[in-house]
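Notes to accompany the following structure.
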Amino acid sequence: MNEKDIEFFKDIEKKWQKIWDEKQIYYSNPDKEKQKFFVTFPYPYVSGFLHIGTALSLTRVDIIARYKRLKGYNVLFPQGFHLTGSPIVAKSWRLRNGDEKIIKELKDEGVSDEDIEKLKDPAGWALYFVEKAEEDIRNLGCSIDWRRKFYTTYLHPWYNKFIEWQYRKLKEKGLVITGKHPVVYDPIANIPVGDHDRPDEYAGIGPTEGYIILFKLKDEDIILPAFTLRPETLYGVTNIWINPNGKYSIYLDKESNNKYILPDTIIVEEFNAQGYKLEKNKDIDVKEIIGKKCINPLTKEEVPILPAEFVDIKTGTGIVMSVPSHAPYDYIGLRDLLNTEYKEIAKECLDNMKVLFKVPGYNIPAKEIVEKMKINNQKDIQKLEDATKEIYSLEYYNGILTDIFGKYSGMKIYEAKDNIVKDFIEKNIAKVHYTLKPRFESRYGNLCIVKIIDNQWFLKYSDPEWKKLAHECIDNMNFYPEDAKQDFHQKIDWLKDWACAHNKNELGTPLPWDKSWVIESLSDSTIYMAFYTIAHLIKNIDPNKIEDDLFDYIFLNKGNEEEIIRKYGDIVKRMKEEFEYWYPVDLRSSGKDLIPNHLSFFIFHHVAIFDKKYWPRGIAINGYAVDALGRKMSKSLGNYISLRDALRKYSADILRFIIAMSTNSSYDDAKIDLNKSEFVMKYLISFYNYSIENYNKHQEYEESYIDLWFENKLNKLAKEIEDEYEKLNYMNVINKIFELDNSFEWYLKRASGKINGKVINKYIEYKAIFLYPIVPHIISEIFEKIGLDPFNIRYPENLSYTDEYEKYEKFIKSVRDDLIKLKILINDKKDKVKIIIASKEKYELFKELRNNKDKIDEFLNNYPNYKDILLFVKKNMYILDEFLDREKEYELLNSAKDMFKSELNVKDIIIEYEEESKESKKNRAMPYKPAIVFL
RNA sequence: GCGGCGGUGCCCGAGCGGACAAAGGGGCUGGGCUCAAGACCCAGUGGAGUAGAUCCGUCAGGGGUUCAAAUCCCCUCCGCCGCACCA
């Protein structure tokens, strides 16, 4: 990569960005004369420097914004930043605590020591990166109205007021409700543990919902709580497992006065986080209870307690019920005991095995799969896990309940399970319980549990009426690609209630009616596009004075206008005007990862709060940014690059071009191939040079045939490129521009030196316009250099074109290909070529044939002289649709004479009709395929 | 398991029922231009054939619908992603 050339681009970029800024040309104001287009990009979460993936989605938005301006729209493209949530707080916290990794990272990225000090405060961290992100986006050349910039959380009091208003509205409508909710929780740090609060390998693990079955020790009032994921197997329990190496005690529950046997581990804490108040009552010796009996609460059968080392004393309850007929672990656990002091009991258990489900291919599933997979003993964990998984899924979907299940017999497990469990719970046989599997530590080094949070606030996405409105909105929206529409419908149906508040010290907006909660980060970002319309004006109002009536008036048209104006000032009029003019959002464009969450929420909240006419109109989707080989960009792979570094290394226009080349509206990932930078640079520079050297530098003539042909092509491409821009298919746009390049090459060849200044100018203008949305800096520079106004570029409209011209040049191209092929084939220096156009008779014959394609065989019989030709046509029927008038073909070939001469490197081209030709090959001539003779 | 996306020539990638289309780009090979290299231009890049127009084959695999399929339907195989309170 040539540094000097990159500097050339960067200088131009700096120059134009400065001009745009000074002229404030991206400050968008309502203008009733013009149609508006409001486009948004979901604000990035700025916990650090922006990465190239952000640049991908952002560039896609900027390109459509610029394109729409070329089409004459009044475009609004605002940008804000997202600070809500815990990652910034967590990173800042780690920095404060001297985390070396984070310090090194910051230093590597060029953050000064002085700034690092600022980052030790979460607000400082947040605002620092807001500033850096804005810098990068400006350097990328985005056409943003920066007056409207804002960021989330209480750090921006106006936004805070807006969110409070939003949540009060939702609550009034009954869409925010309370409920219980299990979360992964750090009991020492006293916070819920999100993915970012734990080691990466445990990301994504949530509470496991299971059941406690309340076995009782025989003749004692002590409960042996067995944890299970398969309560429906309770009918088949032969024994209970406990871990012989574990330390168990009796615990008294102060809530219910029940006594439970549990291991002395984190499990006790987990119980207490789920509504129990356990206190240790008495130690027990495991050895003493092994062999004792307990009562199956469902069947009242007595079953023994036996030892098994596979029982994990840190998950569930540390006590497991044994169903050897259906659980491979249990079967093998008993089999292993056959060589021990418990062999009598174990044998009895195995003899008592009960098969509860009819499973295709198995009689006693667990036994048979253990034997089939040759599992030796309970230490063979991998095989046991596989076996369990296979049996469980087979039984769940295909297992038919036997008669023992009474009214449920004959059903499949997955059909009956919920009801069976409900019965158990009503009869106090089972209780719902959550656990963590596997158990892991939080980032703060504490073992996590599952805690049930009461009074959790939910957004009621399960509400069928709400869903209905969301579907209606989707039906009326445009999606790019169109497939996404169906996807959104499904995601709306799939969404359940969403916990929308956190009770920890995250950044965000406190829940207005209960300030101990903070609104969760996806939930404060659903209708903020409306805030953009007033963001620059609302700052004129003292945030402490803002009440709901202001937003009610602007967004919902409620209240008394005069009163509101009296209260807040005349600025309110402008705010109202802005909202009414710009809303709704015409297009929101983002990566596919936001479909099941943010973008769905975006739709949900709009239909809840706003009148139909303000519902969003369009969503565009792109895939992830990956490298040329399709790999994720990550620091560990060494292919990661921040937007900042990419801009430094490649410049904005080159980066934008590479991004555009990589992306259509699609779920497919965008392969951003930075190795293309050299090619792109040369490509743009050569157009730059060509434009300056050729614009207005050629004489203008009345258009010749080939001029007209090329203009026709230009018009056609303009239409096609327009279609691709409308769909945000930028890869296709660039492909079409390459097609233009090829056509232009052809034009130059065909014009053979007699190029027309009119055409050259039009070509330069059009190509510049086509490229402008993608590489606005260099195109602005070109416009200026060639004396056109770079602030008044318009996309060509109402262009007409015809396919006839295409057909003509296809003919020339076809003859040319034959000429070249033949020339290479004979490999002999000849300096004269004859092109012989077929006889009049043949053309007449072909015309007749064209109208009677199905009668070709008759023709073959009737015209034996032309047998060869007709046979050829029979195999190549296309010729009948393609051949032109004899005179037209003559004329066209004549016009291409000069090109043929120079391409074939011959002195003379003679075009003659078959009738007058003396060449013996003349009879091979046919319409569309003249005979060729090298002399 | 559920849901979604996808498998196209050496590579990336359009095309998503017909016009001799496997677009476009990249790579590679040969030729031209050059003292030479680069740039540029031409051709080739599934197989066969050849003073050119040709023949056969091909869009993961297998069936089917159709005068006509990479494109529609069914089945199979393989890859990627999401499954929640997290940005």
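Chain A is the first sequence line, chain B the second, and so forth, proteins listed ahead of strands; every chain is numbered from 1.
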(Q) Before you tell me yes or no, could you show the steps for A:Thr84 and A:Thr152 under side-chain hydrogen bond (donor to acceptor under 3.5 Å, both in side chains), namely the whole-Å CA-CA distance, both residues' side-chain angles and the distance that decides it to 0.1 Å? (A) CA-CA 6 Å; A:Thr84 311; A:Thr152 65; 2.8 Å; yes
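A sub-4.0 Å separation between OP1 or OP2 of B:rG82 and a side-chain N or O of A:Lys592 is absent.
Among the nucleotides B:rG4, B:rC86, B:rA51, the one closest to the side chain of A:Gln486 is B:rG4. Considering only side-chain atoms of A:Asp668, the nucleotide from B:rC20, B:rC41, B:rG6 that sits closest is B:rG6. With distances taken from any side-chain atom of A:Lys671 to the nucleotides B:rG4, B:rC86, B:rG13, the minimum falls on B:rG13. When distances run from any side-chain atom of A:Pro596 to the nucleotides B:rG82, B:rA84, B:rA43, the shortest one goes to B:rG82. Comparing B:rC20, B:rC85, B:rA14 against the side chain of A:Asn664 picks out B:rA14 as the nearest. Residue A:Gln490 has its side chain nearest to B:rG3 when only B:rG13, B:rG3, B:rC5 are considered. Each of B:rC42, B:rA14, B:rC85 was ranked by its minimum atom distance to the side chain of A:Arg816; first place goes to B:rC42.
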Using a cutoff of under 3.5 Å, can you pull out all pairs of nitrogen or oxygen atoms linking the protein to nucleotides 23-25 of chain B, with atom names and distances?
{"unit_1": "B:rA23", "atom_1": "N1", "unit_2": "A:Asn735", "atom_2": "ND2", "d": "3.1"}
{"unit_1": "B:rG25", "atom_1": "OP1", "unit_2": "A:Asn742", "atom_2": "ND2", "d": "3.4"}

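Heavy-atom distances to RNA chain B give each of A:Ala931 and A:Phe601 a nearest nucleotide, and the one nearer the 5′ end belongs to A:Ala931. Comparing A:Pro44 and A:Met731 by the nucleotide of RNA chain B whose heavy atom lies nearest to each, the residue mapping closer to the 5' end is A:Met731.
The aromatic ring centroids of A:His82 and A:Tyr151 lie 6.0 Å or more from each other.
When heavy atoms are screened at a 4.0 angstrom cut-off, A:His181 is found touching base atoms of the nucleic acid. Heavy atoms of A:Asp669 sit nowhere under 4.0 angstrom from any nucleic acid atom.
By the 5.5 angstrom centroid cut-off and the 30-degree plane limit, A:Trp494 is classified as stacked against the base of B:rA84.
Of the options A:Asn742, A:Asn735, A:Leu740, a side chain to side chain contact (heavy atoms under 4.5 Å, CB included) to A:Phe738 is made by A:Asn735 and by none of the others.
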**Q.** RNA chain B base-pair string [pairs: Watson-Crick or G-U under 3.5 Å; |: paired with another strand]
**A.** ((((((((.[[[..)..(.....]]]((((((.......))))))(((.....)))...[[[[[..)....]]]]])))))))....
Please tabulate, for side-chain N and O atoms in residues 679-687 of chain A, each donor-acceptor pair with protein atoms closer than 3.5 Å (sequence neighbours left out).
{"unit_1": "A:Tyr683", "atom_1": "OH", "unit_2": "A:Asp741", "atom_2": "OD2", "d": "2.6"}
{"unit_1": "A:Tyr683", "atom_1": "OH", "unit_2": "A:Lys767", "atom_2": "NZ", "d": "3.3"}
{"unit_1": "A:Ser686", "atom_1": "OG", "unit_2": "A:Tyr683", "atom_2": "O", "d": "3.3"}

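Residues passing the side-chain contact (heavy atoms from CB on, under 4.5 Å) test with A:Pro927 are A:Ala838, A:Lys842, A:Tyr843, A:Phe846, A:Phe883, sequence neighbours excluded. For A:Asp463, the side-chain contact (heavy atoms from CB on, under 4.5 Å) partners are A:Leu175, A:Lys460, A:Glu465, A:Trp466, not counting sequence neighbours. By the side-chain contact (heavy atoms from CB on, under 4.5 Å) test, A:Pro596 pairs with A:Lys491, A:Trp494, sequence neighbours left out.
Judged by a 6.0 Å distance limit and a 45° cone about the ring axis, A:Arg588 is positioned over the six-membered ring of A:Phe602.
Remark: the A:Ser917 side chain and the A:Glu914 side chain contain no N/O donor-acceptor pair separated by less than 3.5 Å.
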